[in-house]
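Below is one structure, written out as structure tokens, with a few remarks after it.
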There are 2 protein chains.
Amino acid sequence: MKLLPERTVERLSKYRRVLQRELDNGTDHIYSHELAKLLHITPVQVRRDIMLIGHTGTLRKGYSIDNLIKLISEIIDCSSSVQNVAIVGIGKLGQALLDYLNDSNTKLNLSAVFDNNPDKIGTSYSGTVCYSIESLKKIVEREGITIGILTVPPEFAKEVSTMMKDAGIVGIINYTPVSLKLDGTFLEEYDVITTLEKVAYFSKPKNAKLL
Amino acid sequence: MKLLPERTVERLSKYRRVLQRELDNGTDHIYSHELAKLLHITPVQVRRDIMLIGHTGTLRKGYSIDNLIKLISEIIDCSSSVQNVAIVGIGKLGQALLDYLNDSNTKLNLSAVFDNNPDKIGTSYSGTVCYSIESLKKIVEREGITIGILTVPPEFAKEVSTMMKDAGIVGIINYTPVSLKLDGTFLEEYDVITTLEKVAYFSKPKNAKLL
DNA sequence: TTTTTAATGTGATTTTTGTAACAGTTGTTA
DNA sequence: TAACAACTGTTACAAAAATCACATTAAAAA
Ligand SMILES: NC(=O)c1ccc[n+]([C@@H]2O[C@H](COP(=O)([O-])OP(=O)(O)OC[C@H]3O[C@@H](n4cnc5c(N)ncnc54)[C@H](O)[C@@H]3O)[C@@H](O)[C@H]2O)c1
Ligand SMILES: NC(=O)c1ccc[n+]([C@@H]2O[C@H](COP(=O)([O-])OP(=O)(O)OC[C@H]3O[C@@H](n4cnc5c(N)ncnc54)[C@H](O)[C@@H]3O)[C@@H](O)[C@H]2O)c1
């Protein structure tokens with residue numbers, strides 16, 4: 001299958017989550033317009049996404065929720081080889097994310113957290129033990145961790161992200177406000193302030209993007 | 001001036017932040033390729049963005065950092081009428097965001113936080129007092145709050161977001177995993193799981209988006 | 001002074017993303 | 001069984017975003 005567009009992959013993640021809820025409620029089929037409504041997007045977008053992943057629905061019956069979930073899972077989680085996740089820097093934000101991920105039903109497996117604070121190392125956070133940042137490479141290799149969430153203070157972002165890459169992590173979400181550039185890794189950056197300032201701009205009356 | 005593209009506005013926010021740091025270091029002019037390097041983007045992109053906001057640099061001298069910051073601030077913060085921000089739901093995530101925003105030097109003013117837990121109401125969080133969710137409308141009107149960050153449990157997302165809109169808030173960042181649809185407001189949704197699953201997809205070897 | 005270099009500003013083009021239109025099919029109803 | 005309604009799948013089109021290519025010009029070097 002061809003490489004999927006980023007936005008499609010994002011929506012697939014959301015589809016799966018709401019589909020799982022529908023399945024738990026006992027529904028077995030769903031129409032594109034119903035799925036669209038749950039995500040507040042258009043039915044065409046839904047059909048297009050589903051087309052791209054090569055799934056096909058039944059006319060006048062909709063899509064099989066079970067099949068759709070299985071297919072999306074194969075695409076995202078690669079059912080064969082589980083992808084493990086680590087949080088690096090278990091401060092306020094790291095802990096908030098950890099709790100959220102633990103409560104969620106994502107198929108990605110949160111296998112370790114790391115910090116450099118001696119008081120935190122060895123402690124268990126929501127059931128996950130905190131390792132020393134120095135043992136990063138060792139644990140990443142042992143646990144087969146491929147994805148990392150970076151939540152250390154900004155001044156350590158560059159150094160620690162390099163350590164993550166060198167340890168073999170290939171996908172990183174960077175929550176520090178420092179832009180990074182790491183060749184050979186898929187890097188996704190996020191910053192509330194940027195989002196907040198964007199919202200500020202577009203919610204000003206004269207920029208009425210609000211339709 | 002014409003409405004700016006979303007991505008440009010996001011970059012403007014980032015430009016301003018790194019420019020402020022440069023200014024504090026005593027630099028007074030900057031070239032497009034230098035600014036580009038700080039954000040790990042291309043110089044053309046920088047020049048194009050700057051062109052769009054109507055600023056113009058000096059050939060062989062670059063852009064005046066001071067002027068650029070002032071202009072970006074006018075565009076984003078609307079220097080005339082200050083935009084005030086509220087956090088609704090001051091749990092783990094809300095507090096992590098609050099601390100981060102307080103430490104940042106954004107020009108947006110965090111003026112209140114809201115919760116429905118009696119133990120939290122009246123308490124001060126990082127210097128900001130927590131009000132009852134019932135007084136939302138009153139306080140929003142009194143303080144002139146226009147932007148809200150939604151961090152309540154998912155089951156209250158719909159109800160509380162409607163309250164926010166009715167209270168007069170026109171821009172919302174929704175961190176709950178529930179998609180919302182609110183006409184007449186600028187809504188921005190964010191979810192770690194979606195991001196994480198996207199990173200999982202694109203960091204798989206066969207999807208080598210990592211260049 | 002002349003040439004070269006290094007920067008900005010922008011029209012043209014490409015890439016990515018989303019939307020519209022509609023042909024085709026299946027079930028339903030008269 | 002004929003007409004209709006409801007849904008999928010796909011092609012064509014449009015909009016948003018990024019990149020390319022290059023004209024232009026100020027300063028530095030020759
Ligand atoms: N993107 C966002 O929306 C957002 C929101 C809040 C915070 N942040 C950023 O996220 C980061 C964490 O914020 P926080 O509020 O959790 O901070 P925090 O200080 O509470 O947590 C940081 C943690 O990192 C640990 N740490 C420090 N140096 C380390 C190292 N070299 N290796 C491993 N661990 C190390 C600290 O011991 C601490 O536990 C900061 O960079 C902050 O600016 C981003
Ligand atoms: N998008 C993300 O990346 C991300 C990450 C973590 C959590 N979350 C989501 O953010 C939300 C908050 O997460 P958390 O870990 O901080 O949860 P939390 O339980 O720690 O905090 C929720 C807060 O909301 C308050 N609250 C409950 N009902 C309310 C109401 N009706 N009005 C006002 N306040 C109310 C609670 O008293 C509590 O203080 C949840 O929806 C969670 O799923 C999102």
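Values below: every heavy atom of this structure, side chains too, minus hydrogens, waters and symmetry copies. Each chain gets a letter, A, B and so on, in the order its sequence line appears, and its residues count up from 1. For clarity, every value in this text was computed on a predicted model and none was experimentally measured.
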Exercise for review: Please list, in 5' to 3' order, the outermost nucleotides of DNA chain D lying under 4.0 Å from any heavy atom of chain A.
Suggested key: D:dA5 to D:dA12

Do the side-chain N and O atoms of [X] and [Y] include a donor-acceptor pair separated by under 3.5 angstrom?
X        : Y        : value
B:Thr194 : A:Arg17  : yes
B:Asp191 : A:Tyr100 : yes
B:Asp99  : B:Gln95  : no

For the backbone of [Y] and the side chain of [X], can you confirm whether one donor and one acceptor N or O come within less than 3.5 Å of each other?
X        : Y        : value
B:Gln45  : B:Thr42  : no
A:Thr185 : A:Leu187 : no
B:Tyr190 : A:Thr195 : no

Exercise for review: If the plane angle is over 60° it's perpendicular, under 30° parallel, otherwise tilted; pick one for B:Phe114 and B:Tyr131.
Suggested key: tilted

Short N/O separations, protein against nucleotides 5-12 of chain C, under 3.5 angstrom:
residue: C:dT5; atom: O2; partner: B:Arg60; partner atom: NH1; Å: 2.5
residue: C:dA6; atom: O4'; partner: B:Arg60; partner atom: NH1; Å: 2.8
residue: C:dT8; atom: OP1; partner: B:Ser32; partner atom: N; Å: 2.9
residue: C:dT8; atom: OP2; partner: B:Ser32; partner atom: OG; Å: 2.4
residue: C:dG9; atom: OP1; partner: B:Thr56; partner atom: OG1; Å: 2.5
residue: C:dG9; atom: OP1; partner: B:Gly57; partner atom: N; Å: 2.8
residue: C:dG9; atom: OP2; partner: B:Tyr63; partner atom: OH; Å: 2.9
residue: C:dG9; atom: N7; partner: B:Arg47; partner atom: NE; Å: 2.8
residue: C:dG9; atom: O6; partner: B:Arg47; partner atom: NH2; Å: 2.8
residue: C:dG11; atom: O6; partner: B:Arg48; partner atom: NH2; Å: 2.4

Check your understanding: Counting heavy atoms not belonging to A:Lys37, are there more than 12 under 6.0 Å from its NZ?
Key -> no

Check your understanding: A:His29 has an atom NE2; how far is it from atom C1' of C:dG27, in whole Å?
Key -> 15 Å

